[in-house]
Amino acid sequence: MATMETKVATSSTSGLSWARVCKDCGQQHEGKETHLYEYLDEVDDELICHICLQPLLKPMDTPCGHTYCFYCLSNFLKDQDFCPVDRQYLEFEQCRPSSLLVRNLLDKLTVMCPHYAECQQQMQRCELQPHLHNRCPAFRRLKEEAEKRKRPSWNELKGRRGDGGMTGDAKLSATLSRNPTRDQPEPGLINPAFEESEEDNTPLRSSLVAETIVVELLREEPEQDLGLRIVGGKNTPLGNIVIQEIIRDSIAACDGRLAPGDHILEVNDVSLASVPHSRAIAVLRHPSLVRLTVMQEKGFNPQCNTHCNQTPVLHVTLVKSHRSEPLGIKLIRKSEFSGVVILDLLPGGLAAKDGKLRNNDKVLAINGHDLRHGTPESAAHIIQTSEMRVNFVVMRTADTVEDGGNVREGQHARARRAPDPQYFRRQSTYIKDPPSGFSFQEKNVSLKKEPRHSLGITIAGGRDCRSRLPVYITSVQPVGCLHREGYIKRGDILLSINGVDLTQLTYKEAVSVLKAETAQSQVELCVIQTHSEDPEEDSESSNKDEVVYTEDPREDHHNWTPQWTRWLGLPSHMHWCRDIVLQKTNNESWGFSIVGGYEESHGQQQPFFIKTIVPGTPAHFDGRLKCGDEIVAVNGATTVGMKNNSLIPMLKLQKNRVTLTVVSWPGTLV
């Protein structure tokens, strides 16, 4: 047995810096070093790393039967090529994460809070991070002091008004000025999220801050997806690499710290500030341990959010009589949006007696832990490990049961709601050229074949898929005649076969038509191929080695899709649009920033794209707008040909309601 020495000196936060404090273990150490813990009990020798001589962290097994900390082993193998114990030849790619049993044993080791001068709590190692973020007073004070230092004073903000307001990218550059690898802000950014009303004396929401954090995600298998959909890149109007969506139950979703709209600045110390989209995707897909440096919008003060009557945000505190008392809340997640929703309040339970929480409230946070993209399991864990007070932040939608109502009436109210907005073809007045650097080519392919021979392609998309994607080719199989000819590539858009239009069909209808028409001896295909000036991205579709087979290609997150940039080259007449109506009841901002528009200096017309969605705003609460969406029109007025400084007043004129016509493409999955 190895004895872990426990510190007895008094720990103080006076000399700690929030920027240097690890957000996982609460200690100060370099980002690439293993976490530090104060163990209370002896630890079995089998659970000790033979490099650092401490209990294992993220244990990795070697083929020769030894186990080390992930960081210890990866740092060792940068200079050596053998196992530290038996000196057998070893490469890091040969190692695999230890079994779940070993990891569970390590997670249950008892540790002490590093701020034991003020917080003398003991807990299992796996509970230390939620303890720090939810219950530790010293850690909370460090965070609050850091946030106060970040907030500009009111005089500084008034000075910004005199300069015409700070644009979104200028704000980001100022926040991240310590990072010299970031590009200068590109021209053409407009930011209706941060405009101040000129009609009253309402202060600018100075509590809007951006914070840079480091998030580590570990792949169990080399080819496992992190569960992130990515948009942007230096070769796109967005410029930055931005998270568009987080896939449910993925590695990123289970981690819970990343959110849509986060800007990825670095991956394993590789800057993404000026790399094209395809290069960023390659960097994100490669390593087992992915260390992301991201910039996160932290939104506005909670009291600012409560002004929005359309989607009010409420703060509810439940006080337990003893720590193990249940709250009497059933939590679920719904298919139409991410996050956690209150399904029911048990009669006689603490929450039901309190009376402030209601069925269908969406849980945004519990004890300061962000649950906008969390799971019921993570929410239950926070509640179970909380002390006497449990603080909820919930969003109450318009169809939630009102005072004096009942669940059945609430269900009828939801049934009376209008259906989701319908998709429609892009109107002729909205037609525009693809963004600079992207293009398309229409190609006709005619071939003769034996009626019994297959074309050898698999498809996905269709009018009934989630993103209304056109029918496209997911693989060209070596056994088919199209592979031999070499005219068709993976990612090509199918327009027609033997004159039969495929652009208006569902997935099943397209499959039926293809089967019927390929039974003939003469087949004529009309396809669209999109191109990018970036050679890496233009070669993506020609990669014939990566062939994906799926049981249900209609599920976007289960099958291969072209990279996000591929859709940018698609001609406008093939776009499916939808109207998104945002509403507000005061002078707050809509909550999104935009990049694009006509730039006289370059003589270019770029589409307008959503670049940032700010937490705690109408755009965020509505949940339908995504980073990377193209804004086609505002209240029916086309944005094609509009200068970037013309859209600001148009949006500011819309006091309580605005209709955005958008085109949305799925981000690249990594």
Side-chain angles (χ1 to χ4, degrees), residues 1-13 15-16 20-80 82-88 90 92 94-117 119-133 136 138-139 214-218 220 255 268 287-291:
M1 304 287 284
T3 302
M4 296 296 106
E5 182 177 343
T6 302
K7 296 180 181 178
V8 294
T10 301
S11 175
S12 173
T13 61
L16 294 180
R20 296 195 61 191
V21 168
C22 175
K23 307 310 183 288
D24 290 328
C25 69
Q27 303 272 19
Q28 289 194 129
H29 63 79
E30 297 298 327
K32 298 180 182 180
E33 296 177 352
T34 57
H35 299 306
L36 304 175
Y37 295 97
E38 304 290 342
Y39 296 93
L40 296 182
D41 303 316
E42 292 184 346
V43 180
D44 191 286
D45 289 338
E46 297 298 325
L47 299 178
I48 299 297
C49 172
H50 291 283
I51 297 178
C52 68
L53 302 180
Q54 294 292 315
L56 291 159
L57 292 169
K58 296 182 179 177
M60 300 290 291
D61 295 337
T62 67
C64 52
H66 300 101
T67 305
Y68 306 95
C69 300
F70 181 96
Y71 275 130
C72 294
L73 185 60
S74 61
N75 291 335
F76 180 85
L77 292 179
K78 288 179 180 178
D79 301 320
Q80 308 294 339
F82 53 83
C83 172
V85 174
D86 59 17
R87 305 184 71 83
Q88 292 189 32
L90 180 65
F92 189 75
Q94 298 173 307
C95 304
R96 292 291 180 265
S98 299
S99 68
L100 182 61
L101 175 62
V102 173
R103 285 178 283 159
N104 287 342
L105 289 173
L106 290 163
D107 284 341
K108 291 180 179 180
L109 295 176
T110 303
V111 299
M112 178 179 286
C113 176
H115 309 294
Y116 39 80
C119 177
Q120 300 179 1
Q121 294 292 319
Q122 303 175 10
M123 67 219 73
Q124 292 182 352
R125 194 174 76 176
C126 62
E127 296 177 351
L128 178 60
Q129 185 190 30
H131 164 79
L132 292 172
H133 289 269
C136 180
F139 193 83
V214 177
V215 176
E216 294 180 351
L217 303 176
L218 179 63
E220 299 288 343
D255 179 83
N268 293 353
S288 296
L289 179 70
V290 182
R291 188 184 311 107

Salt bridge (charged side-chain N to carboxylate O under 4.0 Å, His left out) contacts in which one or both residues fall within residues 48-57, not counting sequence neighbours: none

Nearest-0.5 Å distance that lies between atom [atom1] in [X] and atom [atom2] in [Y]:
X    : Y    : atom1 : atom2 : value
Q122 : E127 : CD    : CD    : 12.0 Å
L218 : R291 : CG    : CZ    : 11.5 Å
Q27  : H115 : CD    : NE2   : 7.5 Å
R96  : T67  : CZ    : OG1   : 14.0 Å

Are the side chains of [Y] and [X] in contact, using a 4.5 Å heavy-atom criterion?
X    : Y    : value
Y39  : P55  : yes
Y37  : L57  : yes
Q129 : L132 : no
Q124 : L109 : no
C113 : H131 : yes

For M123 and V111, what are the C-alpha separation, side-chain angles and deciding distance, and is it a side-chain contact (heavy atoms from CB on, under 4.5 Å)? CA-CA 6 Å; M123 67 219 73; V111 299; 4.3 Å; yes

Do you know the tightest heavy-atom contact between [X] and [Y]?
X    : Y    : result
N268 : P287 : ND2-CG, 3.3 Å
L106 : P59  : CD1-CG, 3.7 Å
D44  : I48  : O-CG1, 3.5 Å
P114 : L128 : CD-CD1, 4.0 Å
M60  : S98  : N-OG, 3.8 Å

Between F70 and L56, is the side-chain contact (heavy atoms from CB on, under 4.5 Å) condition met? List the steps. CA-CA 8 Å; F70 181 96; L56 291 159; over 6 Å; no

For [X], all residues meeting side-chain contact (heavy atoms from CB on, under 4.5 Å), sequence neighbours excluded:
X   : result
Q88 : C64, D86
L90 : T62, P63, L73, L77, C83, Q94, C95
I51 : C49, Y68, C72, F76, P84

Residues in ring pair (Phe, Tyr, Trp, His ring centres under 6.0 Å) with H66, at least two apart?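 Counting only residues at least two positions away or on another chain, H66 forms no ring pair (Phe, Tyr, Trp, His ring centres under 6.0 Å).
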
Worked check of side-chain contact (heavy atoms from CB on, under 4.5 Å) between C136 and Q121: CA-CA 9 Å; C136 180; Q121 294 292 319; over 6 Å; no

Salt bridge check: are E220 and K58 linked by an N-O gap of less than 4.0 Å?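 Answer for the salt bridge query: no.
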
For D255, all residues meeting salt bridge (Lys or Arg N to Asp or Glu O under 4.0 Å), sequence neighbours excluded: R257

